[in-house]
Amino acid sequence: MKKVLLSVFALSMLSLASCKKDYTCSCTSTSGGYSATSTITIHATKKDAKDACDAFDATASAGGTTATTACEIQ
């Protein structure tokens, strides 16, 4: 009986560790001395949410001005 309960507990803990949750990705964009902040909610595992948030990072140049966007999970 103890082994069965221990197995059920172990499976429960594993399933909770990989649960999808809502994570907030906060992005700051700057260009030509101006700055803007935005947030995005991502429903995923923590690792997948971090990867998705990092995918929003960008740098672009045009006409002598550089625009950058930096994002991180909050």
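No hydrogens, no waters, no symmetry mates; every other heavy atom, side chains included, goes into these values.
Taking every heavy atom of both residues into account, Tyr23 and Ala49 meet most closely at CD1-CB, 3.7 Å. Smallest separation of non-hydrogen atoms from Thr69 and Ser29: OG1-OG, 3.0 Å. Residue Gly32 comes nearest to Thr65 through the heavy atom pair N-CG2, 3.7 Å, listed as atom of the first residue, atom of the second, then distance. Nearest heavy-atom pair, Asp22 versus His43, reported as atom, atom and distance to 0.1 Å: OD1-ND1, 2.8 Å.
Sulfur atoms SG of Cys27 and Cys71 are positioned under 2.5 Å apart.
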### Task
Determine, step by step, whether Thr66 and Thr68 satisfy the side chain to side chain contact (heavy atoms under 4.5 Å, CB included) criterion, reporting the C-alpha distance in whole Å, the side-chain angles of both residues, the deciding distance to 0.1 Å, and the verdict.
CA-CA 7 Å; Thr66 300; Thr68 60; 4.1 Å; yes

### Query
Thr39 and Cys25: side chain to side chain contact (heavy atoms under 4.5 Å, CB included), yes or no, with the steps?
CA-CA 5 Å; Thr39 59; Cys25 177; over 6 Å; no

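Cluster partners of Phe56, by chain and number: Ile40, Ile42. The rule joins Ile, Leu, Val, Met, Phe, Trp and Tyr whenever side-chain heavy atoms lie under 4.5 Å apart.
Contact of the Cys19 side chain with the Thr45 side chain is not registered, since no non-hydrogen atoms from C-beta on lie closer than 4.5 Å.
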